[in-house]
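Just so you know, residue 1 is the first one in the sequence shown, and it goes up from there.
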Amino acid sequence: MEKRDIEVFRAVMRAGTTSQAANLLGVSQPAVSQSLRKFEQACELRLFERVRGRLVPTQEAVALMVEVDRYFTGLEMIEHRIRSLKSFGLGRLAIGSLPALGTGFMPRAIAAFGLDKRQIQLSFQVMSSREVYQQVSAGQLDFGLMAEELSVTGLEHSPFASVCGVIVMNAQHPLARKKVLDANDLAEHPFIALNPEDVGRRALEEALAAQGKVLRPVIETPYSNSVCEFALNGVGMGMAHPVMALDYLSRGLLLKPMAFDIPATSLLVFRPGMPLSDNAKELLRVMRIQLDADFKRLREALGRSPVSAVSRAPKRG
């Protein structure tokens with residue numbers, strides 16, 4: 001089994017026809033057909049049905065394509081790493097974050113970090129907590145920020161911040177003048193809810209149920225920034241991560257504390273046995289400073305602390 005034949009198989013699966021695959025690879029159509037036959041013989045599997053002159057992938061081909069994609073993704077990552085090392089040496093940081101801290105907080109922290117003063121390349125990705133876990137585990141990220149509710153088995157981790165969810169609304173909302181919202185307030189007005197599987201939403205519904213109340217969701221969305229956008233546009237009110245909601249204060253969004261706490265904890269995760277570079281340690285230090293600054297702004301906006309608990313990231317060597 002030759003790598004070139006695997007490349008041809010992948011191209012045909014992606015392009016759909018041998019002629020389009022040949023164009024992608026810059027070879028002739030007969031060469032693609034010959035390579036496919038060789039590949040099927042090497043696999044001892046029937047990978048395509050020939051139906052009226054067209055190639056239709058079998059179930060075996062679809063299953064094999066999953067592994068082929070993983071193989072080539074690994075090769076592409078190696079090639080990317082080689083190019084990065086040629087351009088920047090070891091002066092590269094790769095960071096991933098869950099959306100609640102990735103779309104506002106981390107850009108603020110990275111700006112304060114001062115990339116223009118450092119000879120490094122930074123790769124920053126906003127992704128789900130599950131993807132953060134997977135990529136830190138695989139060594140693709142130097143460190144990541146993820147939600148506490150997912151398993152962190154196999155990773156070093158420490159709490160980064162635990163905050164209380166806040167209710168967001170625009171200035172025209174009927175509750176705009178109320179300082180603290182209770183269960184009755186949340187149950188009596190249209191609510192912009194996070195998705196049913198969200199841990200924060202479940203905790204909120206349990207807190208209301210304990211008082212005999214239920215939410216009135218008019219829309220469901222997976223991210224706090226969507227909740228803020230809908231609230232700002234008058235769709236209703238909703239619960240959001242307070243650090244995320246900071247970005248909307250200048251646009252007129254109001255933040256209201258609840259009479260009960262709905263905590264949201266984020267974790268810093270690291271791959272065991274992988275010491276952090278000096279640049280990574282410095283970025284973590286700047287992130288802690290930025291978090292303190294954000295909490296100060298939140299205290300001013302809410303009239304109380306948004307924090308239920310904060311633990312500093314451990315020093316890594």
Side-chain angles (χ1 to χ4, degrees), residues 96-108 124-134 144-150 160-176 178 181-209 213-267 294 297-298 301-302 306 308:
S97 174
L98 75 166
L101 296 177
T103 59
F105 168 76
M106 281 303 297
R108 288 193 292 275
F124 176 70
Q125 305 293 325
V126 178
M127 57 185 70
S128 70
S129 291
R130 191 173 305 279
E131 290 171 318
V132 171
Y133 171 80
Q134 292 169 345
L145 284 167
M146 60 179 287
E148 182 187 43
E149 60 262 20
L150 294 182
F160 182 64
S162 183
V163 297
C164 301
V166 297
I167 300 300
V168 295
M169 62 185 67
N170 68 13
Q172 288 73 48
H173 194 278
L175 297 176
K178 191 164 185 181
L181 304 184
D182 57 29
N184 287 328
D185 297 323
L186 301 184
E188 289 176 0
H189 295 271
F191 201 82
I192 306 157
L194 294 168
N195 283 351
E197 65 272 16
D198 183 85
V199 173
R201 173 175 173 176
R202 294 204 301 269
L204 177 61
E205 289 180 327
E206 289 171 4
L208 265 62
K213 304 295 180 180
V214 295
L215 289 178
R216 292 173 48 199
V218 291
I219 191 167
E220 293 176 342
T221 181
Y223 301 124
S224 284
N225 62 331
S226 298
V227 173
C228 293
E229 289 288 353
F230 283 123
L232 198 58
N233 283 279
V235 175
M237 62 178 177
M239 186 176 73
H241 193 288
V243 176
M244 162 75 77
L246 266 180
D247 299 303
Y248 293 85
L249 286 177
S250 62
R251 295 172 57 187
L253 191 70
L254 302 181
L255 278 57
K256 303 287 183 180
M258 290 177 279
F260 43 85
D261 289 348
I262 305 295
T265 300
S266 57
L267 302 177
D294 283 4
R297 290 178 60 198
L298 283 167
L302 294 169
S308 56

Problem - Any residue meeting side chain to side chain contact (heavy atoms under 4.5 Å, CB included) with A301, in chain and number order, not counting sequence neighbours - result: L249

Handout entry: side chain to side chain contact (heavy atoms under 4.5 Å, CB included) partners of V126, counting only residues at least two apart
Key = P99, T103, F124

Handout entry: ring pair (Phe, Tyr, Trp, His ring centres under 6.0 Å): pairs with one or both residues in residues 234-259, sequence neighbours excluded
Key = none

Practice task
For atom CZ of R130, decide whether the heavy atoms of other residues, nucleotides or ligands shown that lie under 6.0 angstrom number more than 12.
Solution key: no

Problem - Least distance between heavy atoms, P190 atom then V235 atom - result: CB-O, 4.3 Å

Fill in the blank from the handout: Sequence neighbours excluded, the answer for side-chain hydrogen bond (donor to acceptor under 3.5 Å, both in side chains) partners of E220 is R201

Problem - salt bridge (charged side-chain N to carboxylate O under 4.0 Å, His left out) partners for D294, two or more places apart - result: R108

Problem - Test ring-ring contact (aromatic ring centres under 6.0 Å, His included) applied to F105 - qualifying residues, sequence neighbours left out - result: F160

Exercise for the section: Kindly give the heavy-atom pair with the smallest separation between G96 and V132, and that separation in Å. Expected result: C-CG2, 4.1 Å

Handout entry: Set of salt bridge (charged side-chain N to carboxylate O under 4.0 Å, His left out) partners for E148, sequence neighbours left out
Key = none

Problem - side-chain hydrogen bond (donor to acceptor under 3.5 Å, both in side chains) contacts in which one or both residues fall within residues 186-196, not counting sequence neighbours - result: none

Handout entry: Shortest non-hydrogen contact between P217 and A193, atoms and distance
Key = CB-CB, 4.1 Å

Problem - By side chain to side chain contact (heavy atoms under 4.5 Å, CB included) - contacts of L208 (at least two apart) - result: A183, L186, L204, K213, L215, F260

Exercise for the section: Could you list all the salt bridge (charged side-chain N to carboxylate O under 4.0 Å, His left out) pairs where at least one residue sits in residues 223-234, not counting sequence neighbours? Expected result: E229-R251

Problem - Residues that E131 engages under salt bridge (charged side-chain N to carboxylate O under 4.0 Å, His left out), provided they are two or more places apart - result: none

Fill in the blank from the handout: side chain to side chain contact (heavy atoms under 4.5 Å, CB included) filter on D185, not counting sequence neighbours, yields L175, K178, L181, D182

